[in-house]
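Letters go in sequence order (proteins before strands), and every chain restarts at 1. As a basis for the values below, the full set of heavy atoms in this structure was taken, side chains included, without hydrogen atoms, waters or symmetry mates.
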Amino acid sequence: KAGVTQTPRYLIKTRGQQVTLSCSPISGHRSVSWYQQTPGQGLQFLFEYFSETQRNKGNFPGRFSGRQFSNSRSEMNVSTLELGDSALYLCASSLFSGRTDTQYFGPGTRLTVL
Amino acid sequence: QKEVEQNSGPLSVPEGAIASLNCTYSDRVSQSFFWYRQYSGKSPELIMSIYSNGDKEDGRFTAQLNKASQYVSLLIRDSQPSDSATYLCAVNAGNQFYFGTGTSLTVIP
């Protein structure tokens with residue numbers, strides 16, 4: 001079974017631009033979560049989508065948004081990029097099976113904002 | 001606020017030794033617990049999951065869970081240089097995952 005895929009793997013943008021990242025979950029997985037990882041802050045939860053609905057949201061500004069499609073693929077958008085948005089963005093998928101739910105991570109998208 | 005705490009390390013052990021990684025969590029309704037390994041520049045990969053009190057063994061890895069004391073640990077036996085990585089503890093509580101900041105482990109040949 002194919003794992004979680006993320007595109008693009010690397011991205012360089014300038015301040016003020018916007019960016020869209022894509023995540024395809026493991027086949028059959030219905031939940032997709034997004035995380036931002038930086039050396040100083042560790043893994044920071046952005047949001048989770050299940051059945052095209054945002055179920056949970058982390059403490060990030062409104063510049064960060066996402067959506068999920070009917071095939072469970074998800075996109076994350078960051079508008080008006082800031083230097084501090086440079087990070088590894090990770091997508092994780094899970095079955096959403098309750099207490100035994102396990103998240104599996106994609107390879108990540110490395111975003112650099114200049 | 002649901003918190004997951006780990007010692008950031010770095011933790012250094014000689015090759016062949018046992019590495020012990022610890023994690024505490026604050027939410028008593030936490031239901032399932034995970035250890036992930038993350039190599040530098042890579043994404044986290046799942047090592048172990050544990051749901052019930054006690055020990056769970058998988059090869060050289062043993063996860064230990066004590067819900068009464070709210071801690072979960074990971075033991076790595078016969079540590080190898082390839083085990084050098086950051087280990088993340090994660091907790092699933094209320095269908096949301098919470099991650100610790102990770103413990104950096106270095107296995108010295």
### Message
For A:Asn59, I'd like to know if atom CG has over 12 heavy atoms of other residues, nucleotides or ligands within 6.0 Å.
### Response
no
### Query
So which heavy atom on B:Gln38 is nearest to which on A:Leu88, and how close?
NE2-CD2, 4.4 Å
### Task
Determine whether more than 12 heavy atoms belonging to other residues, nucleotides or ligands lie under 6.0 Å from atom NZ of B:Lys42.
no
#### Entry: Atom group of A:Gln44 that falls short of 4.5 Å from chain B, counting heavy atoms
neither
#### Entry: Nearest non-hydrogen partners of B:Ser43 and A:Pro107, listed with the distance
OG-CA, 3.7 Å
### Residue A:Tyr35 versus chain B: region with a heavy atom under 4.5 Å
side chain
### Query
Hey, quick one: are B:Tyr71 and B:Leu75 part of the same hydrophobic cluster, counting side-chain heavy atoms closer than 4.5 Å, chains of contacts allowed?
no
### Query
So which heavy atom on B:Leu46 is nearest to which on A:Tyr104, and how close?
CD2-CE2, 3.9 Å
### Message
Tell me whether the count of non-hydrogen atoms from other residues, nucleotides or ligands lying under 6.0 Å of CZ in A:Arg15 goes above 12.
### Response
no
### Query
Any link between A:Phe50 and A:Phe47 through a network of hydrophobic side chains (Ile, Leu, Val, Met, Phe, Trp, Tyr) touching at under 4.5 Å?
no
### Message
Are A:Glu48 and B:Phe97 packed together at the side-chain level, in the sense that at least one heavy-atom pair is separated by less than 4.5 angstrom?
### Response
no
### Message
To check you understand the geometry: which heavy-atom pair defines the closest contact between B:Tyr51 and A:Thr102, and what is its length?
### Response
OH-OG1, 3.7 Å
### Query
Is there a path from B:Met48 to B:Leu105 through hydrophobic residues (I, L, V, M, F, W, Y) whose side chains come within less than 4.5 Å of each other?
yes
### Query
If you draw a 6.0 Å radius around CG in B:Asn22, do more than 12 non-hydrogen atoms from other residues or ligands fall strictly inside?
yes
### Residue part contacting chain A, namely of B:Glu45, when any heavy atom lies under 4.5 Å
neither
### Task
Can you see which heavy atom on A:Leu90 is nearest to which on B:Pro44, and at what distance?
CD1-CD, 3.7 Å
### Message
Within the structure provided, determine whether A:Gln103 and B:Phe99 are in side-chain contact (heavy-atom separation under 4.5 Å).
### Response
yes
